[in-house]
Amino acid sequence: MEKVIVLGTGPAGLTAAIYLARANMKPVVIEGDEPGGQLTLTTEVENFPGFETGIMGPELINNMRKQAERFGAEFKRGWVTEADFSSKPFKLKVEGLGEVLTEALIISTGASAKMLNIPGEKELLGQGVSTCATCDGFFFRQKKVVVIGGGDSAMEEATFLTKFADEVEIVHRRHELRASKIMQERAKQNNKIKWNLNKTPIEVLGDGKKVTGLKVKDNDTGEEHIIETDGIFVAIGHKPNTGFLNGQLETDEVGYIIVKPGSTKTNVPGVFACGDVQDNQYRQAITAAGTGCMAALDAERYLEGHATQDWSQTL
Ligand code: NAP
């Protein structure tokens, strides 16, 4: 049996692991199919405090991981398919590891940006295709970018991108926007934003190194044409990675885990959530790291009072 397991190796999970390991809690960190999370999909991170000239996303993750290992965190590769919180210790079914028992659990499985799944998109991710304007907008100064989507995220990303890009074109698959009135109005009043409605994106075009355009189809006429662009921001929503929970934790209607305000506590004592899996608002590496620290402290306090096994011999 483990004392505390951390699920996920983005900035939230790794920060939790650093704090737990440093407190001698011997955390076991389970990393899934996308180790490092969304930061490993970005290039340069310029807004993580402490790196005056920026740092590459994968390097930042790698540093955090090594920092956690230095204090004794143990990393295991596996994919959690099921969790059982009905009794203590908690049970996890992990592909590659079998059944794992733990006294406390920190869930930091993140949220994945929804992708269009069209040709060229995956190949050019990080080379002009992005899912985060806050992370990558700065690289498109004086350039032209396309934002795909008609919800609040698309409006927000497009408005933010006008700080950098000369032209921002919103491509949306319907005539009507899903975004709230206020966000729509803000975008409509911005004269750097152009609108290209009722178009379905069908292919991301590139020159082998970077994005050069987006091929779209007009949903009325069926005609196809190419929008020339330097960057494509896919803003069609996020999906929290909470499928394995099977409804055992309180989530909102999209699946984000609900935590008690000001903490990382879920509705099951001993199960904590941090990072994007419980945050559909900020979604930044630094906010994820902050809640990772909170989760470690919350778990530590919980274990002080609730551990079923005497762990003193293992410390
Ligand atoms: P969303 O509301 O689900 O909107 C997603 C948009 O992407 C929709 O317009 C949708 O088109 C489009 N879309 C989805 N799949 C697509 C596909 N395969 N191809 C092309 N287009 C596709 O997601 P969101 O904008 O991320 O917002 C999520 C939640 O966070 C909302 O509750 C929102 O209010 C909130 N949020 C709030 C703020 C804020 O207040 N500052 C900022 C961001 C997000 P259809 O409209 O045709 O379905």
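When a ligand or atom number is given, it counts from 1 through the structure's own listing order. Only heavy atoms go into these numbers, but all of them, side chains included; no hydrogens, no water, no symmetry mates. Keep in mind it's a predicted model, so treat the numbers as computed, not measured.
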* Asked: Can you list the steps and then say if Lys199 with Asn196 is a side-chain hydrogen bond (donor to acceptor under 3.5 Å, both in side chains)?
  -> CA-CA 7 Å; Lys199 303 286 191 305; Asn196 203 341; 3.1 Å; yes

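- Using modelled atom types, one side-chain atom of Asn219 and one backbone atom of Arg173 make a donor-acceptor pair closer than 3.5 Å.
- Under the 3.5 Å distance criterion, the side-chain polar atoms of Arg141 are matched with a main-chain donor or acceptor of Phe138.
- Exactly one of Lys217, Glu121, Lys215 qualifies for a side chain to side chain contact (heavy atoms under 4.5 Å, CB included) with Glu203. That residue is Lys215.
- At least one heavy atom of Met183 sits closer than 4.0 Å to an atom of ligand 1.
- Nearest to atom 5 (C) of ligand 1 among the protein's heavy atoms is Ile236 O, 3.6 Å.
- Protein heavy atom at the shortest distance from atom 42 (C) of ligand 1 is Glu156 OE1, 3.4 Å.
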* Pair Phe139-Phe164, ring pair (Phe, Tyr, Trp, His ring centres under 6.0 Å): steps then yes or no -> CA-CA 8 Å; Phe139 304 114; Phe164 308 103; 9.3 Å; no

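- In this structure, Leu116 is part of the shell of residues with a heavy atom less than 4.0 angstrom from ligand 1.
- For Gln248 (side chain) and Ala83 (main-chain N/O), a donor-acceptor pair under 3.5 Å exists by modelled atom type.
- Distance check for atom 31 (C) of ligand 1: every protein heavy atom is found at 4.0 Å or beyond.
- For Glu176, no heavy-atom contact with ligand 1 is shorter than 4.0 Å.
- Remark: minimum distance from atom 33 (C) of ligand 1 to any protein heavy atom is reached at Asp152 OD2, 3.5 Å.
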* I would like to know whether Asp276 and Arg283 meet salt bridge (charged side-chain N to carboxylate O under 4.0 Å, His left out); could you show each step before the answer? => CA-CA 6 Å; Asp276 287 9; Arg283 298 195 285 242; 5.7 Å; no

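- Considering only non-hydrogen atoms, atom 2 (O) of ligand 1 lies nearest to Arg178 out of Arg178, Arg186, Arg173.
- Taking all heavy atoms of Gly150, Ala179, Gly237 into account, the minimum distance to atom 9 (O) of ligand 1 is reached by Gly150.
- Atoms of ligand 1 found under 4.0 Å from any heavy atom of His172 (numbered from 1 in listed order, with element): 9 (O), 11 (O), 45 (P), 46 (O), 47 (O).
- Looking at every heavy atom in both residues, Glu169 comes nearest to Glu167 through OE1-OE2, 4.0 Å.
- The shortest contact between atom 47 (O) of ligand 1 and any protein heavy atom is with Arg174 NE, 2.7 Å.
- Residue-level proximity to ligand 1 for Lys114 is absent, since no heavy atom of it falls below 4.0 angstrom.
- Close approach to Ser153 involves these atoms of ligand 1, each under 4.0 Å from a residue heavy atom: 24 (P), 25 (O), 26 (O), 27 (O), 43 (C), 44 (C).
- In this structure a side-chain-to-backbone donor-acceptor pair under 3.5 Å is missing from Ser130 to Asp136.
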